[in-house]
Peer 1: 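Pasting a structure below so you can have a look.
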Amino acid sequence: MSHSNSNNPYSRRPTESPFESYALDDSQNFDEKYSNSPSRQGYHSSEPDDSSHQRQFGFHQAPSVSSFESSHNHRHSTYATFQDNESTEMLEASFGDMNQYDSEYLTQPPPHARKGPMPNSSMNNILLGPTNTHQSEEYRSLQENDPPRRQRSHRAPRKKFNLSDAFKKCFNRRKNNEAAGPRLIYINSSGLNEQQKFLHNRVFTAKYSPLTFLPKFLYIEFSKYANLFFLFISGIQQIPNVSPTSKWTTLIPLVIVLFITAIKELVEDWGVHRSDAEVNARKCKVLVGGQFIERRWREVQVGDICRIEGSEFFPADLILLSSSEPEGLCYIETSNLDGEVNLKIKQALPETAKYTSPQHISQLGGVVKSEQPNNRLYNYDGTFSIPSKELGGKSKDHPVDPNQVLLRGAQLRNTSWIYGVVVFTGHETKLMLNSSKKPTKQSNVTRMTNRNILSLFVILVLMSVACAAGNFVISVRQESTMGYLNSTATNKAAEFGNQILTFLILFNSFIPISLMVTMEVVKYVLSMLIDNDLDIYYDKTDTPAVARSSSLIEELGQVEYVFSDKTGTLTCNEMEFRECSIAGLRYAEKVDADKAARPGDNGEGQYTFKQLKEHETSSKSAHIINEFLTLLMTCHTVIPERNEGSDKITYQAASPDEGALVQGASELGYKFYGRRPNSINCTAHGQEQEYQILNVCEFNSTRKRMSVVVRCPDGKIKLFCKGADTVILERLSDNNPFTEETLVHLEDFATEGLRTLCLAMREIPEDEYTRWSQIYDQAATTLNNRADELDKAAEMIEQNLFLLGATAIEDKLQDGVPDTIHTLQEAGIKVWVLTGDRQETAINIGYSCRLLNEDMSLIICNEDSHFSTKTFLEAKLHEVTEAREQHSHYGRGENQGHHEDPMALIIDGRALTFALEKDIERIFLDLAKRCKAVICCRVSPLQKALVVKLVKKYSHSILLAIGDGANDVSMIQAAHVGVGISGVEGLQAARSADFSISQFRFLRKLLLVHGSWAYQRLSKMIFYFFYKNVALYLTQFWYAIFNGFSGQTLYESWTMSCFNVIFTILPPLAIGVFDQFTSARLLDKYPQMYMLGQSNEFFNQRRFWGWIANAIFHSLVLFFAGMLAFRDDDVFTDGWSGGQWWVGTTIFTATLAAILYKGCLITDTWTKWSVIMIPGSMVIWFIYMPLVAYVGPMLPWGIFLEYTGIIPVLFGNVNYWLFILLVPLLANTRDYIWKFYKRMYRPQMYHFVQEIQKLNLPDYRPRMDRFRQAVNKVRKIQRLKKTRGFAFSQNETDQSKLIRMYDTFKSKPQG
């Protein structure tokens, strides 16, 4: 297939010779040029899948696999043409600005684009410039003269000045260092490092600082429409002769609202400041002179050499120099970064590993040439230039890769100490660059509330214009009879404009001023209920749930998609050796009484591990048991660590599965305790044994097995092999008596959700091994396709095996995970698992945690090209659509028994790369949305975020992402709601999330109970707030019709101002905090209730306009009933007439009573606080009136004069009391009738649940758990027989070189 140069990412540039351009088609040439970079030698990612940038791009012409993998290691020099898609923003966040590469290419083309043959040099020469002897001289000149400068041989095109870019450069704390060239870090030369002014090591993750609080807070608050409107009203109230009320009646309540909100923001942010201060104040040891002294983390600088003790966290990003372990090895735990608790191995450069004392390390010299800070967790490129005696003191460059990098946030484990030089500090560390500031998120309810406020504002403007127009018409028609008003205005247009402003001020509280602050207060209180809920408190780690962002709490009640990480979120990542099958007999750690083996059952029952020990000596299969346990004891790459002061041994395993198997063998009497470069030492039956390790055939994803060739103490050579059942069974010899029994046991293990391995062995004759070892040695030293040649060599020896049995390991799920996922699915929530694990493991865990069940049809997509992925997804989508149509047809027809099977989509990372491209993404999403569950395997952190963004882009559903590591942060921040799993100190996901919980099972109550309550409470409270304001201030509008649209107010101005902030502030709080439309027990028992939030049942535009219509009705009844009742002004006994304030105060009291009656009517659950706050608000009004009537006039400011003498007039008149009792009841009669009609004739599900709660009715749902379990087991076995193959418990590692250099019998340096 041919492509034009415009489509070829390596097409010739103007600077190239036509004969030296390299096309991606020429993969062999490409590999030879780029696959042997010294800067990447020995690089093996510690992550099973590091594809955060590996397969994200759709190349117009794809390279071969080897070329692709090679070019992946040289991502900086790949000048490829990327297809335009929606993930550009995420890609640039991960890789930097792509335009930068194009500009650099045009100004100075890369080496492979220049004329002449390309030298076989390090990729560091391409990335970082030449790194040879001349470079060492450059380093010395830089050290002696001036700080480093970037040399440029070509002048770049002048860029146009951009004001926004300049603003960002001035105020953006994080610099764009990608184009600044490599950073030079001088070892033991603090002066030169200080000249470069590297960033400090303090971290600041809070939202505000003392300098930015006021401007940032005011910007956020006045971006809310309500606050902006009231600021405008406060401004025009200061204009003389415009405002019919006091000039302070809006400004003072607005200041109070802002003050309360500011207090709430400060309280929330103070906790983050305190946490930052604690982190910055931690201590570590830094080399000063010839000794290590303690310093605070905030004082650590780039270039410092730190000594980190065992179990301490790394204060910055370090390059490992040496350690207490042989060959500069160390073990780290990265649970803060990726959620994995299994240990990872790092190794220092051999040139620095020998510096194991403060005196020696202080004499180390050299320069680290490092890449600039970036957010790629699993990649690092740099060189370490160290003076070499062999070169006469000249510097020699050594490549530095991720194997030498220790990231901030990781923890040193099972290693006494390490020395490391700091390369990145503070907000330039990879951890902090992956934890960008939490994006500003706004809940769906808040967005709809803002739209509703805009609707009310439009109504308010129309009312004001209508009243101004009425005033204008009356003033024109009756100008001759209105001379007593002394109107001097001659400009009618100006008078009309002033009247509009007057009525805007008069009706301004039509929009509730205190709504936003009340929402914030209620959300904060609801978040405190989450923080103090003992049901979601984890006592083992003393970790409560934390609502870090109370503004999103109602979103918890509307979630439709949950995106979850697996490791550390669903699972504990703790492997336990549970069961095994040996010689056709099944053994288990714990055996149920009904499954226990009995005499005469022909081995069909289960035996305990205690009985296994007895069978070692008394059974006829004793020799097979011995070989089985010997295999577990020898076939691995585990390194034993003996704890000081005790005989207890800790097994360091890169794969937790291996550690569990070795630990299990040790508990059964086959104890592995020592390793030398070519042998291991063990104890079996109390006897010391030494096995020579002749060869190790490593596990990989293609082989799915691991083998070791050992020479036993008796001199025999044996091959021990363990792996997946599919690859072991096909390599067995003909004479294997236990195959059928083992397969039955494998099926049983798999149905229990256990991870399995098949174990086999063979004895190898001496002459056969001699011939094979030559082939193996030749493959191990070949320069071309070494991995393939080693696999072929292993294939030759791994034949004619004898099946010993199988192991079953439990990848321990967190407590309650299966029930939680099942309940969430019953609640209508679709759960997607995004994991870096293999497909088999992910599917197995899916069944274990009940994400998948036997009723589901699995759609598995493992395509490896763009075209095949698109074809596969289109075909499956067509099948699913047709099935849905047939199901719909059967549902309407006679065959009512036809049911549609639920489906689950499983897709791997490579296929997902293509599925996320622009022309396929919608097909992928349409298919995934039709599935009940989705599992994405082998995905990178970037892909996790892109999947979330894809669903967010094409769906209006609320998305929740939950994870526990730094690699989940981008996913958590991309979702509407982010939940972090806490419980381990400093977990980055929990710090970056909106909510944090310590166990996945707590998500059940967080969503079904707290989320449902928050959504229903806030919905009811907001509508009630709108209702009460419209009901009151529409009476002002009706009054304007009777006063000639003069702008005269019906109520006293301070009474109106106090309406929202005093008289009716408590009922919304009572509804928002204490009301429960049903109990927590029933919300958990009936998860289908959660669907009310997903369908927006309680907060939608239909309900909003219904409440507004109800408010209009109440205002009409209240006002016109008052006008009718008091159409003839009363004359009291002392000669006083009632006047305007008599009527206005009576109508205000009745309106307040009607609003409080309505609050009582909509309250579902009454508590003592509800009684105090709703009916009690009426008491506040009756206290307020006498206070302002008698005390107000005595004040020196001349306020409250309107109420002088009104109390005796009001309280002594029976008409007043009859009116405020009967008219509010009359207004609410319609509401009561409507509520009765809905509950009796149009009930919804929550009405039934409320009656169950009220009447305490028992639940008569049939119990079919046992029957369902039996059916599911049968279906699971049928599936396993159909698909063949079980999830196997082995991770892909490469430690054959490591175990050859390790000697646990040598004493360790003290450092």
Side-chain angles (χ1 to χ4, degrees), residues 506-507 509-510 512 1024-1043 1048-1060 1062-1068 1107-1130 1132 1138-1162 1174-1186 1188-1189 1202-1203 1206-1233:
L506 185 64
F507 302 143
S509 292
F510 191 75
Y1024 181 71
F1025 232 108
F1026 285 137
Y1027 153 80
K1028 68 184 183 65
N1029 278 52
V1030 172
L1032 177 71
Y1033 289 97
L1034 271 181
T1035 57
Q1036 288 273 51
F1037 178 75
W1038 309 133
Y1039 181 61
I1041 300 174
F1042 292 87
N1043 62 32
Q1048 174 62 42
T1049 176
L1050 179 61
Y1051 312 121
E1052 190 267 334
S1053 60
W1054 283 103
T1055 300
M1056 285 195 299
S1057 298
C1058 294
F1059 173 75
N1060 275 319
I1062 295 180
F1063 305 137
T1064 60
I1065 191 65
L1066 295 181
W1107 278 83
I1108 298 301
N1110 192 42
I1112 294 173
F1113 170 75
H1114 283 192
S1115 69
L1116 287 169
V1117 172
L1118 291 163
F1119 177 78
F1120 286 101
M1123 295 299 293
L1124 182 65
F1126 306 111
R1127 63 185 183 277
D1128 297 324
D1129 197 5
D1130 283 349
F1132 300 102
Q1140 175 188 353
W1141 300 126
W1142 145 255
V1143 177
T1145 306
T1146 303
I1147 294 177
F1148 182 88
T1149 306
T1151 303
L1152 179 60
I1155 290 169
L1156 296 179
Y1157 284 158
K1158 179 67 174 177
C1160 294
L1161 196 60
I1162 64 174
I1174 299 179
S1177 296
M1178 201 70 192
V1179 177
I1180 295 176
W1181 164 245
F1182 283 112
I1183 294 174
Y1184 170 85
M1185 277 200 300
V1188 298
E1202 292 88 342
Y1203 281 152
I1206 199 173
I1207 296 300
V1209 175
L1210 282 178
F1211 291 179
N1213 192 297
V1214 66
N1215 292 334
Y1216 171 77
W1217 298 106
L1218 289 174
F1219 187 86
I1220 66 174
L1221 289 175
L1222 298 179
V1223 175
L1225 284 176
L1226 176 66
N1228 278 284
T1229 301
R1230 185 214 68 85
D1231 301 67
Y1232 179 81
I1233 294 173

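Values below: all heavy atoms of this structure, side chains included; hydrogens, waters and symmetry mates excluded. Bear in mind the structure is a predicted one, so any value in this text is a computation, not a measurement.
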Peer 1: When you compare the side chains of Tyr1051 and Thr1035, does any donor N or O come within less than 3.5 Å of an acceptor on the partner?
Peer 2: yes
Peer 1: Above 12 or not: heavy atoms from other molecules or residues under 6.0 Å from OH of Tyr1232?
Peer 2: no
Peer 1: Side chains of Thr1055 and Phe1148, heavy atoms from C-beta outward: is any pair under 4.5 Å?
Peer 2: yes
Peer 1: Check the pair Met1185 / Thr1145 against side-chain contact (heavy atoms from CB on, under 4.5 Å), numbers first and verdict last.
Peer 2: CA-CA 10 Å; Met1185 277 200 300; Thr1145 306; 3.7 Å; yes
Peer 1: Which heavy-atom pair separates Phe1113 from Ala1227 by the least distance, and what is that distance?
Peer 2: CE2-O, 3.6 Å
Peer 1: Do Lys1028 and Asn1060 touch side chain to side chain, with heavy atoms closer than 4.5 Å?
Peer 2: yes
Peer 1: Please enumerate all residues that pass salt bridge (charged side-chain N to carboxylate O under 4.0 Å, His left out) together with Lys1158, with sequence neighbours excluded.
Peer 2: Asp1231
Peer 1: Please examine the side chains of His1114 and Asn1228, heavy atoms only from C-beta on, and report whether any two atoms are closer than 4.5 Å.
Peer 2: yes
Peer 1: Provide the closest heavy-atom pair for Trp1107 versus Tyr1027 in the form atom of the first, atom of the second, distance.
Peer 2: CE3-CB, 3.4 Å
Peer 1: Nearest 0.5 angstrom please: Phe1182 CZ to Leu1152 CG, how far?
Peer 2: 8.5 Å
Peer 1: Could you tell me the separation between the OH atom of Tyr1216 and the CD1 atom of Ile1220, rounded to the nearest 0.5 Å?
Peer 2: 4.5 Å
Peer 1: Heavy atoms only: give me the nearest Gly1159-Ile1174 pair and the separation to one decimal.
Peer 2: O-CD1, 4.2 Å
Peer 1: Using the test side-chain hydrogen bond (donor to acceptor under 3.5 Å, both in side chains), find all partners of Tyr1157 that sit at least two apart in sequence or belong to another chain.
Peer 2: none
Peer 1: Applying side-chain contact (heavy atoms from CB on, under 4.5 Å), run through Leu1218 and Val1214 and close with a yes or a no.
Peer 2: CA-CA 6 Å; Leu1218 289 174; Val1214 66; 4.2 Å; yes
Peer 1: Angle class for the Trp1181/Phe1063 ring planes (parallel below 30°, perpendicular above 60°, tilted otherwise)?
Peer 2: perpendicular
Peer 1: What are the two closest non-hydrogen atoms of Ala1121 and Val1223, and how far apart are they?
Peer 2: CB-CG1, 4.1 Å
Peer 1: Just verifying a value: how many Å separate Leu1118 CG and Thr1146 OG1, rounded to the nearest 0.5 Å?
Peer 2: 12.0 Å
Peer 1: Could you check if a side-chain atom of Val1143 sits within less than 4.5 angstrom of a side-chain atom of Ile1147, using non-hydrogen atoms only?
Peer 2: yes
Peer 1: Find out whether Ile1180 and Leu1066 are in side-chain contact, i.e. whether some heavy atom of one side chain is under 4.5 Å from a heavy atom of the other.
Peer 2: yes
Peer 1: Quick check: do Leu1032 and Phe1059 have side-chain heavy atoms less than 4.5 Å from each other?
Peer 2: yes
Peer 1: What heavy-atom pair brings Trp1038 and Ser1115 nearest, and what distance separates the two atoms?
Peer 2: NE1-OG, 3.1 Å
Peer 1: Angle between ring planes, Tyr1039 versus Phe1119, binned at 30° and 60°: parallel, tilted or perpendicular?
Peer 2: perpendicular
Peer 1: Donor-acceptor pair, Gln1036 side chain versus Leu1050 backbone, under 3.5 Å?
Peer 2: yes
Peer 1: If every non-hydrogen atom of Met1056 is compared with every non-hydrogen atom of Thr1049, which pair is closest and at what distance?
Peer 2: CE-OG1, 3.4 Å
Peer 1: Is there a side-chain contact between Ile1155 and Tyr1024 (heavy atoms, below 4.5 Å)?
Peer 2: yes
Peer 1: Is Trp1217 reaching over with its side chain to a backbone N or O of Phe1211, donor-acceptor style, under 3.5 angstrom?
Peer 2: yes
Peer 1: Out of Pro1175, Pro1224, Ser1177, which residue meets the side-chain contact (heavy atoms from CB on, under 4.5 Å) rule with Leu1156?
Peer 2: Ser1177
